[in-house]
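Residues: numbered from 1 along the sequence shown. Reckoned from all heavy atoms, side chains included, excluding hydrogens, waters and symmetry mates. In listed order, ligands and their atoms are each counted from 1.
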Amino acid sequence: MSELNIKRPKGTQDITPIEVNKWQTIEGVCKSTAEDYGFSEIRTPTFEDTKLFVRSVGDATDVVQKEMYTVTSKGDSEFTLKPEGTAGVIRAVIENGMLNEAFPQKLFYITQCFRHEKPQAGRLREFHQFGCEMIGTKSPIADADLIMLAADVLERIGINNTRLNINSIGCPTCRAEYTKALREYFSQHTDTLCDTCISRLEKNPMRILDCKSPVCSEIAKDAPVILDYLCDECKEHFDMLKCILDAMEIEYSVNPRIVRGLDYYTKTVFEFICDSIGAQATVCGGGRYDGLIRELGGADTPALGFAMGIERLLLAAKRSRAEFIDRLSCDIYLASIGKDALLVTAQLARGFRDMGFIAEYDIVGRSLNAQMKYANKIKAKFSAVIGDDDIKKGVIKVKNMETGEIDNLKLNENFYDRFSDVLNSYLFGDEFALD
Ligand code: ATP
Ligand code: MG
């Protein structure tokens with residue numbers, strides 16, 4: 001045996017077939033719910049020009065300062081593996097002329113993201129996000145509609161114990177005053193703030209509110225809150241949002257401390273928390289980003305969005321004992337005795353597969369006994385043993401592996417339809433029984 005012992009990189013995960021059906025369930029719910037709300041899928045590259053993230057996510061954020069996977073390749077410019085989905089989507093919207101299409105543009109994505117973080121439960125270096133973006137509306141009804149979509153996704157997955165926190169972090173107008181107040185407040189604590197936060201004091205003191213260091217977060221607890229500084233427009237927007245959420249009977253708490261980890265947010269920010277999954281409890285984070293499209297070179301266009309971490313959704317779904325679709329199991333195993341029969345089973349398997357059944361036959365060269373053992377192991381619903389005699393008679397004996405019941409099916413043009421009847425009557429009961 002080789003000495004080579006290569007393991008997967010720290011903070012990454014293998015998703016083996018047993019887990020994949022759970023992923024497919026969650027991804028399926030995300031996709032179908034987004035589509036029910038009129039969103040279309042968009043796919044963007046795994047890596048982007050580093051400047052895109054520095055510009056949009058913000059150069060004082062943890063993501064840009066500490067967590068980016070950046071590569072330079074053979075004299076090209078600098079690229080970064082996407083740490084989040086919004087920046088790439090907005091770049092693509094601008095680059096593909098989609099700002100000239102009818103508003104609102106409603107887009108969703110499911111993608112890998114990469115952040116160099118300390119791996120723990122619910123925090124990985126390669127993780128996956130489902131995200132939705134709504135482009136071209138400044139109305140607070142859009143904020144509420146987007147929150148309703150996020151709440152529906154969680155509910156349809158079967159996650160039943162989340163809390164919704166909302167806040168407004170204002171616009172550049174009200175933020176100027178607020179930033180001044182924050183700078184004044186934090187300046188009294190320069191002896192205890194972490195080094196990163198000291199450097200943020202000048203550049204972007206709001207980022208200190210999102211620092212994960214216990215000392216900084218303790219100091220941040222008594223910092224001035226943005227809600228006291230909102231301008232009239234932002235205040236009205238936030239009040240309307242609360243009114244609409246009340247009318248839609250969506251429960252929420254106003255948490256004036258949430259700022260979110262990305263710089264591009266304006267006005268509304270929100271998160272869904274699921275306490276049962278441990279310390280990394282934010283399953284969804286989102287908000288408005290009215291300035292981002294212009295910042296990235298597009299026409300001034302309001303927009304908003306959210307992202308959910310699929311790994312955390314999965315943890316939450318398991319905790320809520322949500323149901324996952326079953327792994328598809330084999331409908332029929334075609335065992336063969338002899339070479340001629342083997343060829344017939346290959347042809348039959350193809351016919352079954354054309355009809356949408358999951359069919360297997362012996363591609364290993366096993367004895368009949370071993371073939372039947374294998375059929376049991378893969379939990380085939382039906383089996384048929386095919387020998388020269390059956391071929392001559394043109395009749396296939398199809399056996400229900402659970403009851404042992406046998407149906408004789410003629411090998412004619414109705415063969416697959418007859419099997420369909422047999423399978424349906426087994427799966428769904430008598431109304432499908434053979435006449
Ligand atoms: P956190 O405060 O947990 O670090 P964040 O503010 O960095 O979250 P966002 O950038 O808003 O998170 O990303 C949206 C969602 O993506 C999060 O709510 C979370 O569910 C998921 N997420 C973010 N970072 C990770 C990660 N390293 N591993 C797994 N999921 C993640
Ligand atoms: Mg983070």
Please confirm whether Q129 comes under 4.0 Å of ligand 1, counting heavy atoms of the residue only. yes

All heavy atoms of R183 vs all of P205, minimum pair found to be NH2-CD, 3.8 Å

Would you please say whether a donor-acceptor pair under 3.5 Å links the side chains of S320 and N160? yes

Option of least heavy-atom distance to atom 1 (P) of ligand 1 (set: Q280, R123, E271): R123

Are any of the N or O atoms of A307 closer than 3.5 Å to those of ligand 1? no

With nothing but distance in play, are any N or O atoms of G309 less than 3.5 Å from an N or O of ligand 1? yes

List the closest protein heavy-atom neighbour of atom 17 (C) of ligand 1: residue, atom name, distance to the nearest 0.1 Å. T282 O, 3.9 Å

Closest approach of I244 to A144 (non-hydrogen atoms, all atoms of both residues): CG2-CB, 3.5 Å

A281 and I277: which non-hydrogen atoms are nearest, and at how many Å? CA-CG1, 4.0 Å

Identity and distance of the protein heavy atom lying nearest atom 29 (C) of ligand 1: G122 O, 3.3 Å

Between F130 and Y109, ring centroids under 6.0 Å: no

E117 versus ligand 1: do any nitrogen or oxygen atoms come within less than 3.5 Å of each other? yes

Tell me: protein heavy atom nearest atom 22 (N) of ligand 1, and distance? F127 CE1, 3.5 Å

Of the protein's non-hydrogen atoms, which lies at the shortest distance from atom 2 (O) of ligand 1, and what is that distance? K212 NZ, 3.4 Å

For atom 10 (O) of ligand 1, which candidate among R260, R115, E84 provides the closest heavy atom? R115

Among all protein heavy atoms, pick out the one at the shortest distance from atom 3 (O) of ligand 1; state its residue, atom name and that distance to 0.1 Å. R312 NH1, 3.0 Å

Region of E126 that comes within reach of ligand 1 [heavy atoms, distance under 4.0 Å]: neither

Please indicate whether R257 has more than 12 foreign heavy atoms, meaning atoms of other residues, nucleotides or ligands, lying under 6.0 Å from its CZ. yes

is_close_aromatic(F39, F108), centroid dist under 6.0 Å: no

Above 12 or not: heavy atoms from other molecules or residues under 6.0 Å from CD1 of I363? no

For ligand 1, is any non-hydrogen atom under 4.0 Å from V63's backbone (N, CA, C, O), its side chain (CB onward), both, or neither? neither

Under a 4.0 angstrom heavy-atom cut-off, which atoms of ligand 1 come close to L124? 26 (C), 27 (N), 28 (N), 29 (C)

Is the ring centre of F382 less than 6.0 Å from the ring centre of Y333? no

